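To start, the structure itself, in structure tokens.
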Amino acid sequence: MAASSTTFFINPRVVCLGDSITQFGYSPDGQWVALLSDFLMRRCDVMNRGFSGYNSRQLRPLLPQLIGTGDQITILVIFDGTNDACDPTPTPTGYVPLDEYAANLQAMIDYAATVGIPANRVIMIAPPPVDTARIKNRTNIKDYVDRCTLVAQSNKIALIPLFDIILKDDPQHWQRHLIDGLHLSASGSLLLFNALQPVVTAILNSAEMDAADDEVEQGCCRSVRDLIRLNVDYWRRLRMRYARRMTKKEVKP
């Protein structure tokens with residue numbers, strides 16, 4: 001009997017890279033990654049690559065182990081800087097100077113380009129504000145927000161200004177968007193998702209219209225759009241096969 005051949009496909013992927021605010025992205029409070037994953041269901045696979053306690057110095061050398069050529073990554077979301085902003089005296093190992101922080105962000109952007117993720121498919125999220133009444137060692141967070149913004153602008157990268165979004169949403173009680181003064185609450189996560197969703201949608205719509213030069217998935221398709229179409233066609237065929245099977249059962253004497 002001849003072996004049956006099966007065609008496998010890989011969904012386009014959105015990789016969310018960051019620290020604990022990203023790692024907790026599937027938690028009941030810090031749910032922004034879960035919201036994004038639900039929104040992109042059957043269109044893209046959302047990969048959570050958050051590492052609690054990590055700063056940009058630690059994430060930078062880790063990136064080649066997380067993403068590489070041929071991984072079908074359509075969007076890379078970089079959300080880092082909160083740990084870099086630790087005050088150097090109590091937390092010398094966590095603190096990363098501003099210039100090094102900017103250099104690390106730039107290195108991540110440059111590496112992404114080498115594995116097929118150009119700047120127009122990278123999204124940067126600026127660090128959120130920190131409630132210094134509860135978290136004492138992040139008094140200079142705004143400096144890191146400004147530097148993150150500058151790196152994004154210089155590379156013409158989409159930026160989610162989360163610091164400003166949170167402060168503007170509720171100027172008098174913005175702390176409610178942080179569960180512990182540092183990590184996002186459910187309301188803060190929703191603010192981030194609502195800002196991220198249209199940016200992700202625009203990038204995906206553009207990516208789906210771009211013709212790919214190289215074949216992917218062993219020549220099964222030639223563009224991100226084809227991958228998505230293959231996914232839809234698969235489920236359509238599956239539903240048709242199920243319908244035929246049920247029909248045969250109904251007419252069976």
Side-chain angles (χ1 to χ4, degrees), residues 16-34 48-63 66 76-109 123-154 157 159-193 195-196:
C16 299
L17 176 71
D19 50 33
S20 57
I21 304 177
T22 300
Q23 180 175 318
F24 300 161
Y26 284 109
S27 68
D29 291 297
Q31 56 188 257
W32 69 274
V33 179
N48 188 327
R49 295 297 180 263
F51 298 86
S52 180
Y54 274 47
N55 55 34
S56 65
R57 181 186 296 157
Q58 295 165 309
L59 282 178
R60 174 180 175 176
L62 196 61
L63 196 57
L66 302 176
L76 174 63
V77 180
I78 301 175
F79 186 8
D80 197 34
T82 300
N83 291 325
D84 297 67
C86 289
D87 294 339
T89 303
T91 52
T93 57
Y95 168 73
V96 175
L98 274 171
D99 289 343
E100 183 185 349
Y101 169 60
N104 290 336
L105 292 180
Q106 185 63 56
M108 294 180 201
I109 296 167
I123 301 173
M124 295 186 69
I125 303 175
V130 174
D131 183 3
T132 54
R134 303 175 68 182
I135 305 296
K136 306 294 186 181
N137 66 340
R138 304 267 200 314
T139 57
N140 59 343
I141 187 68
K142 185 60 167 63
D143 295 335
Y144 287 78
V145 171
D146 292 341
R147 190 59 65 93
C148 175
T149 302
L150 185 61
V151 172
Q153 291 175 343
S154 63
I157 283 175
L159 175 74
I160 307 298
L162 185 58
F163 185 96
D164 296 333
I165 290 170
I166 288 178
L167 291 183
K168 290 178 180 178
D169 179 74
D170 192 349
Q172 298 301 319
H173 305 287
W174 59 266
Q175 295 88 346
R176 70 184 180 88
H177 295 310
L178 305 171
I179 191 172
D180 55 3
L182 180 68
H183 300 95
L184 298 177
S185 66
S187 62
S189 296
L190 185 59
L191 283 179
L192 173 53
F193 168 72
L196 191 59

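Hydrogens, waters and symmetry mates play no part in the numbers below; they use all other heavy atoms, side chains included. For clarity, every value in this text was computed on a predicted model and none was experimentally measured.
- Scored by the side-chain contact (heavy atoms from CB on, under 4.5 Å) test, N104 finds S56, R57, R60, V96, E100 as partners (sequence neighbours excluded).
- Across all non-hydrogen atoms, the minimal contact from R134 to G181 is NH1-N, 3.7 Å.
- The CG atom of N55 sits 8.0 Å away from the SG atom of C86 when rounded to the nearest 0.5 Å.
- Taking CE of M108 as the reference point, atom CD of Q106 lies at 11.0 Å (rounded to 0.5 Å).
- Under the rule for a side-chain contact (heavy atoms from CB on, under 4.5 Å), the partners of R147 that lie at least two apart in sequence or sit in another chain are L98, D99, Y101, A102, L150.
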(message) Under the criterion side chain to side chain contact (heavy atoms under 4.5 Å, CB included), I'd like the reasoning laid out for H183 against F24: C-alpha separation, chi angles, the key distance, then a yes or no.
(response) CA-CA 8 Å; H183 300 95; F24 300 161; 3.7 Å; yes
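- To the nearest 0.5 angstrom, N140 atom CG is 10.0 Å from D84 atom CG.
- The main-chain N or O of D29 is found under 3.5 Å from a side-chain atom of S189 such that the two form a donor-acceptor pair.
- Atoms SG and CD1, from C16 and I78 in turn, are 11.0 Å apart once rounded to the nearest 0.5 Å.
- Between C148 and A126, the shortest heavy-atom distance links the atoms SG-CA, 3.9 Å.
- Without hydrogens or angle criteria, N48 side chain to T22 main chain gives a donor-acceptor distance under 3.5 Å.
- To the nearest 0.5 angstrom, L162 atom CG is 13.0 Å from M124 atom CE.
- Among all heavy-atom pairs drawn from P128 and L184, the shortest one is CB-CD2, 4.4 Å.
- In this structure, CG in L167 is found 11.5 Å from CD in Q172, a value given to the nearest 0.5 Å.
- Annotation for Y95 and P88: closest pair CD2-CB, 3.5 Å, computed over non-hydrogen atoms.
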(message) Using side chain to side chain contact (heavy atoms under 4.5 Å, CB included), reason through T82 and R138 one step at a time and then give a plain yes or no.
(response) CA-CA 8 Å; T82 300; R138 304 267 200 314; 3.8 Å; yes
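- By the salt bridge (Lys or Arg N to Asp or Glu O under 4.0 Å) test, D169 pairs with R176, sequence neighbours left out.
- For the side-chain contact (heavy atoms from CB on, under 4.5 Å) test, residues two or more places apart in sequence or in another chain that qualify with K142 are V145, D146, F163.
- Under the salt bridge (Lys or Arg N to Asp or Glu O under 4.0 Å) criterion, D180 pairs with no residue at all, not counting sequence neighbours.
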(message) What verdict does the side chain to side chain contact (heavy atoms under 4.5 Å, CB included) test give for D80 and L17, after you've listed the backbone C-alpha separation in whole Å, the side-chain angles of each residue and the deciding distance to 0.1 Å?
(response) CA-CA 8 Å; D80 197 34; L17 176 71; over 6 Å; no
(request) May I have the step-by-step check of side chain to side chain contact (heavy atoms under 4.5 Å, CB included) for I109 and V151, ending in yes or no? (result) CA-CA 10 Å; I109 296 167; V151 172; 3.8 Å; yes
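- Although no hydrogens or angles enter the test, the distance criterion places a donor-acceptor pair under 3.5 Å between the side chain of N83 and the main chain of Y54.
- Contact of the W174 side chain with the L191 side chain is not registered, since no non-hydrogen atoms from C-beta on lie closer than 4.5 Å.
- I21 and L182 get closest at one heavy-atom pair: CD1-O, 4.0 Å.
- In terms of the side-chain contact (heavy atoms from CB on, under 4.5 Å) criterion, residue partners of Q23 (sequence neighbours excluded) are, by chain and number, S52.
- Legend: residues meeting salt bridge (Lys or Arg N to Asp or Glu O under 4.0 Å) with K136, ordered by chain and number and at least two apart, are absent.
- In this structure the side chain of L159 never reaches within 4.5 angstrom of the side chain of Q153, judged on heavy atoms.
- Minimum heavy-atom separation, I166 to P129: CG2-CG, 3.7 Å.
- Legend: residues meeting ring-ring contact (aromatic ring centres under 6.0 Å, His included) with F79, ordered by chain and number and at least two apart, are W32.
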